[in-house]
Amino acid sequence: MPELPEAETIVEGLRGPVVGRSFSLVQVLREDLLNTSADNFSQALSGGSIAKIFRRGKNVVLRIEIESGSRPNALLLVVNLGMSGRLLHQAHADRSNPPSHPGVLFYLDDRSLLVYHDVRRFGRLTLMTPTFYRTWSRAMGPEPLSPSFTEWDLIRTLTRSRSPIRSWLLDQKRVAGVGNIYANEALWRAGIHPKRPAQKVTPEEGRRLHRSLRKVLRAAIAARGTTLRDYRTAEGWEGGYASELSVYSRQGSPCKQCGNTIEKLSFGGRSAFFCPTCQPPPRESARDTSAFR
DNA sequence: CGTGCCCCCTGTCAGC
DNA sequence: TGCTGACAGGGGGCAC
């Protein structure tokens, strides 16, 4: 659900309200969301202050500094929102409208409240030491919006995999932050069929995919993300990108480019959406490859 | 090792 | 109206 643009929107919404604040009380209602016990979690964070907030892939990351003796000790709180996670900030706890599925309540020193809310509980809140965080982050692919992520980086790594390009894009070890919505949207813009094997994507298509990915992600951030159902910004608002989607969940509707009907298929356990005209299916190549054996 | 499948969990919606 | 099954933005584990 929340992919890169949604996590980015949440980070932008939280930065002003929470950076510089400290935790007066951390209350865990759903221990299964954590990588440690509820007691450890709240004890480790209580009294700590939020030094910064940023995004890595689809994760919202808070850097927490804890005074212990002379030198401040740091921890990173990595929030993966799974399919239905929300991070909501309330200036004053709204007792008339309590969250339906609260998981963790972070009471801040200005009497405001940060709530982690998650209906399906696929989300995870992971506390990491700075060393562990570095290792974890290094195992993840590059940030697609980083200036250092070049089209050549994308083209070069594509050639190493036989996975369908849509599945390839979903793998966080390849590129960080892309989920099913934006993978499908970017492939449509680039004119590449979702089932095309990654290594068969030509350099010219790779160039288009690089540009499409960045364009789609930036446009979605500008619209504050895509709300299909659960996603909300930190303020509790819906994102506005759903109305700008070109293929995702638009099966049966006309392609915005050519007017033909958008189709849906399923592989790798999830749906793919594409225009059969703008994104011609890969040629069956089983016979071709066997000819070279 | 890379890849694909199943599962985690709850809510919603289509079809009967 | 109510039941059942399919499906939903993610990702970890496991078998091949």
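Numbers restart at 1 for each chain; the letters A, B, ... are given by sequence-line order, proteins then strands. The structure presented is a predicted model; accordingly, all values stated were derived computationally and were not measured.
Under the 3.5 Å distance criterion, with hydrogens and angles disregarded, no donor-acceptor pair is assigned to the side chains of A:Thr126 and A:Asn35. Checked by atom type, the side-chain pair A:Ser37/A:Asp39 shows no donor-acceptor distance below 3.5 Å.
Looking at heavy-atom distances under 4.0 Å, A:Asn80 makes contact with sugar-phosphate atoms alone, never a base. Contact annotation for A:Tyr248: backbone-only contact, meaning every heavy-atom pair under 4.0 Å involves sugar-phosphate atoms and none involves a base. Among the atoms of the strands shown, base atoms are found under 4.0 Å from some heavy atom of A:Thr227. A:Gly269 comes within contact range of no nucleotide atom at all, as no heavy-atom separation falls under 4.0 Å.
Nearest to the side-chain atoms of A:Arg270 among the listed nucleotides C:dG10, B:dT3, B:dG11 stands C:dG10. Between B:dT3, C:dG10, B:dG11, one nucleotide has an atom nearer to the side chain of A:His101 than all others, and that is B:dG11.
Contacts between residues 34-42 of chain A and DNA chain C, defined by a heavy-atom separation under 4.0 Å, are absent.
Comparing the same atom, P, in B:dC6 and in C:dA6 gives a spacing of 13 Å after rounding to whole Å. A gap of 23 Å separates the P atoms of C:dC3 and B:dC9, to the nearest Å.
Shown here, C:dG12 forms a base pair with B:dC6; the pair counts as Watson-Crick or G-U wobble because both key distances fall under 3.5 Å.
Going from atom CZ of A:Arg124 over to atom P of C:dG12 covers 10 Å, rounded to whole Å.
Distance check: A:Leu45 CG to A:Phe106 CZ gives 6.5 Å after rounding to the nearest 0.5 Å.
With sequence neighbours left out, the side-chain contact (heavy atoms from CB on, under 4.5 Å) criterion links A:Arg30 to A:Asp32, A:Leu33, A:Arg121.
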Where do N or O atoms of nucleotides 4-7 of chain C meet protein N or O atoms at under 3.5 Å, pair by pair?
none

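No N or O donor and acceptor, one from the side chain of A:Arg121 and one from the base of B:dC9, sit under 3.5 Å apart.
Looking at which nucleotide of DNA chain B each of A:Ser163 and A:Arg30 is closest to, the 5′-most match is held by A:Ser163.
In this structure, A:Arg224 forms no cation-pi arrangement with A:Tyr241, as its terminal cationic atom is not both closer than 6.0 Å to the ring centre and no more than 45° off the ring axis.
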